[in-house]
Protein chains: 2
Amino acid sequence: MKLSKRVQACELSPMRKFHPFAVEAQAKGRKIYHLNIGQPDIATPEVYFDAVRNFASPVLAYAESPGVPSYLAAVQAYYDRLGAHYDESEILATTGGSEALSILMQCILDPGSEVLIPEPFYPNYATFICAAFGSIRPIPTSPEEGYHYADRALIEPLINENTRAILITNPSNPTGVILTAEERQMLLELAREHDLYLICDEVYREFTYNGEGLVTMGAMEDPGENLVIVDSISKRFSACGARIGCLISRNKALMAEALKFCQARLSVATLDQLAAAALYTVDKSYFEEVREEYKRRRDTMMRKLKAIPNVTCETPDGAFYLMAALPVDDADKFQQWLLTDFEDHGETVMFSPGHSFYATPGKGVNEVRIAYVLKESDLSRAIDLLALGIEAYQKIM
Amino acid sequence: MKLSKRVQACELSPMRKFHPFAVEAQAKGRKIYHLNIGQPDIATPEVYFDAVRNFASPVLAYAESPGVPSYLAAVQAYYDRLGAHYDESEILATTGGSEALSILMQCILDPGSEVLIPEPFYPNYATFICAAFGSIRPIPTSPEEGYHYADRALIEPLINENTRAILITNPSNPTGVILTAEERQMLLELAREHDLYLICDEVYREFTYNGEGLVTMGAMEDPGENLVIVDSISKRFSACGARIGCLISRNKALMAEALKFCQARLSVATLDQLAAAALYTVDKSYFEEVREEYKRRRDTMMRKLKAIPNVTCETPDGAFYLMAALPVDDADKFQQWLLTDFEDHGETVMFSPGHSFYATPGKGVNEVRIAYVLKESDLSRAIDLLALGIEAYQKIM
């Protein structure tokens with residue numbers, strides 16, 4: 001039996017491909033500190049579980065294909081507070097931000113289409129684009145310049161007749177970079193002038209440490225039909241396991257096509273949508289506490305990382321990730337070795353090897369993405385393990 | 001901005017495209033009897049809600065990409081009871097049977113690939129196949145022959161160098177047809193001889209009214225690498241809103257590729273998987289009661305339908321659907337009219353127009369799919385409304 005060419009061209013997730021080795025290590029009794037996945041340890045607000053417990057209908061029925069009305073209304077009210085008004089018909093509930101991306105790529109890409117993305121980028125973008133027969137044209141950045149990418153002179157020459165969209169993550173996963181107001185304006189104008197979709201993955205909106213308030217591209221003056229927002233409750237409310245996100249755009253033609261896919265998969269999970277609606281009633285103080293907590297984690301992280309000899313990394317402004325270059329030959333090999341051959345007092349550590357965050361071959365081989373999603377004492381121990389691991393690995397490298 | 005050619009070739013779901021007209025009718029105070037969607041009114045077993053309520057972790061975390069272990073174990077044990085043993089690595093949890101189909105088509109189809117499907121078929125198959133750049137080659141059937149399709153002489157000439165798979169639904173949605181043991185054997189041999197995937201959508205397994213026990217193609221002698229099973233808890237446990245299904249196959253190469261997509265979308269909803277695992281502990285008596293209930297509904301349905309002049313339909317053996325030919329010019333126009341212009345004591349009725357269940361142009365125009373998912377008194381009233389509607393529509397047709 002044949003397999004499709006495109007699926008064979010896709011890669012396993014760099015965040016998840018070491019799962020089998022992790023299972024083996026755990027079977028040997030090892031404790032693993034997970035810096036590889038953006039799975040926060042912050043408690044999910046209790047209103048989520050209350051909403052789920054209070055579900056009173058005897059039948060767990062399909063939800064409406066575009067989404068449960070109370071969830072769509074909650075998203076709408078949240079964006080209204082950010083200064084961006086969307087009609088309910090301009091919001092589609094999705095199974096996580098992941099499904100929003102998957103549906104979107106199927107709607108806008110033909111074979112040979114290109115999407116401009118600053119690298120390093122969230123690697124699952126590559127799978128969704130590859131599955132839709134498109135390809136990524138990377139906007140190059142460098143660790144030395146703090147991974148900044150929003151430079152018109154850098155981006156515009158990369159646009160060609162196959163370009164369909166510019167896709168950015170703001171704040172960025174994996175680099176923590178945040179766009180300035182001028183940069184956001186420039187990107188929107190660029191998209192408009194070249195008739196491109198500007199896709200903004202804003203799932204880390206609440207996680208900023210540079211004093212900036214909550215920002216959405218949707219609140220810009222006249223974002224028009226170019227702008228498409230991908231959003232999710234996963235990180236905002238530490239509810240990754242709910243798998244609730246949304247796709248937002250004023251582009252009626254696009255939303256009409258996206259609805260076809262939403263109808264084909266019938267609906268998004270009913271209980272999780274109702275509970276997601278409840279999450280949007282959480283008090284502002286929740287976000288302030290979470291932001292402070294992550295800021296402390298980031299600072300601990302940077303202090304400890306800078307103490308390891310020959311590690312290069314810049315202080316990130318947002319999200320809860322950073323990219324770092326390690327003094328090892330190959331971060332992939334190093335990760336595997338950490339799971340199969342290394343331990344300190346029965347413990348080891350996981351991160352995401354960096355090369356899969358790049359589309360340019362050869363880039364990021366000695367880089368890693370680190371998610372600072374654990375409490376400070378665990379983060380501290382995890383970075384100690386990383387330092388011990390580097391020291392031991394360098395002897396056999 | 002451009003839209004992809006394939007999304008523009010896809011259609012809105014025939015089960016859901018009248019949703020806006022239904023909303024308008026409801027706004028006018030109309031009560032609608034829904035025979036258009038396979039949304040049973042049977043109560044979801046209480047163990048589902050108990051499992052959800054008993055979730056005790058403070059963080060609603062991502063599940064494992066292949067699925068929550070307890071859910072995979074529950075599916076495995078259920079198939080063991082059916083006489084089909086699968087390793088846990090041969091089962092992937094999916095967001096409903098829908099995601100299983102979507103992932104599968106992306107794994108096996110290249111542009112130009114064909115899938116053989118008996119028509120009429122579940123119309124969302126067409127969207128998943130179209131999205132993956134494939135096309136459907138229909139295996140023709142006729143209402144007069146009760147929509148039976150499993151005839152080697154009929155199917156084999158349709159196989160060509162582009163054929164990748166045969167896709168069947170057993171018991172069938174929309175026709176209620178059930179395969180005999182000989183027919184199942186023939187299909188498997190045919191797939192094996194021509195090196196094709198045999199995809200069996202078995203989500204209606206429990207709904208048989210011909211005295212047959214629970215059947216899965218997985219229990220056949222040596223189903224080998226050709227067989228792929230798509231399954232779901234939606235109908236089995238009346239838990240459509242949970243969006244929990246699975247993809248099952250011994251084909252290791254296929255499952256390795258499918259895992260790439262499972263990792264890219266991170267995971268399936270955590271609470272719903274845990275609760276789905278609990279559903280598999282439901283006592284056998286639950287299914288016996290449900291089967292008896294549907295059998296009564298089918299019988300009521302057939303009795304009432306046969307009393308309407310010039311309606312053609314055969315008694316279905318399984319699932320909870322039937323196809324019927326109505327004495328109207330166009331079932332699509334008729335449905336719209338029922339929502340915009342018809343009412344009897346403030347009530348009207350919805351079904352799914354038949355032409356979208358066919359790939360052959362012009363077929364099924366006066367046919368409808370009816371889901372007998374309501375309690376007998378509601379079904380009875382719904383068919384009375386259909387009869388009144390036909391009578392009134394014939395006068396203006």
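What's counted below: heavy atoms across the whole structure, side chains too, no hydrogens, waters or symmetry copies. Computed from a predicted structure; not experimentally measured. So that the names make sense, note that chain A is the first sequence line, chain B the second, and so on, each numbered from 1.
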Rounded distance [0.5 Å steps], CD1 in B:I108 versus OG in A:S4: 8.5 Å
Minimum heavy-atom distance A:L3-B:D110, with the two atoms named: O-OD2, 3.9 Å
Nearest heavy atoms of A:A269 and B:A242, plus distance in Å: CB-O, 3.9 Å
Heavy-atom check, side chain of B:P40 versus side chain of A:V59, under 4.5 Å: no
A:S98 versus chain B, the contacting section by heavy-atom distance below 4.5 Å: side chain
Segment of B:A63 engaging chain A (4.5 angstrom heavy-atom cut-off): backbone
Structural part of B:L196 lying under 4.5 Å from a heavy atom of chain A: backbone
Smallest separation among heavy atoms of B:A264 and A:F128, with atom names: O-CZ, 3.3 Å
Separation of B:S267 OG from A:R243 CZ (nearest 0.5 Å): 4.5 Å
For B:K260, salt bridge (Lys or Arg N to Asp or Glu O under 4.0 Å) partners two or more places apart: B:E257
Which atoms of B:F237 approach chain A - backbone, side chain, both or neither, heavy atom under 4.5 Å: neither
Interface moiety of B:T270 toward chain A, non-hydrogen atoms closer than 4.5 Å: both
Set of residues satisfying salt bridge (Lys or Arg N to Asp or Glu O under 4.0 Å) with respect to B:R192, sequence neighbours excluded: none
pair B:V52-A:L271: side-chain heavy atoms closer than 4.5 Å: yes
Between OH on residue B:Y62 and CD1 on residue A:I37, distance to nearest 0.5 Å: 8.0 Å
Distance, nearest 0.5 Å, that separates NZ of A:K2 from OH of B:Y197: 10.5 Å
Part of B:A132 within contact of chain A (heavy atom distance under 4.5 Å): both
Side chain / backbone / both / neither for A:A126 at chain B, heavy atoms under 4.5 Å: neither
Which atoms of A:Y125 approach chain B - backbone, side chain, both or neither, heavy atom under 4.5 Å: neither
B:T95 versus chain A, the contacting section by heavy-atom distance below 4.5 Å: side chain
Heavy-atom contact with chain A under 4.5 Å, split by part of B:S57: backbone
Contact class of A:I42 relative to chain B, heavy atoms under 4.5 angstrom: backbone
Pairwise side-chain contact, B:E11 with A:Q263, heavy-atom cut-off 4.5 Å (strictly under): no
Reported SG-to-CZ distance for the pair B:C130 and A:F261, which is rounded to 0.5 angstrom: 7.0 Å
B:E64 versus chain A, the contacting section by heavy-atom distance below 4.5 Å: both
Winner by heavy-atom pair count (cut-off under 4.5 Å) against chain A, out of B:I244, B:N251, B:N226, B:L101: B:N226
Heavy-atom contact with chain A under 4.5 Å, split by part of B:A253: both
Contacting region of B:D41 [heavy-atom separation from chain A under 4.5 Å]: backbone
B:E225 vs A:M1 side-chain heavy atoms within contact, under 4.5 Å: yes
Heavy-atom proximity to chain A below 4.5 Å, by part of B:R53: both
Pairwise distance CG(B:L60) to CG(A:D272) - rounded to 0.5 angstrom: 7.0 Å
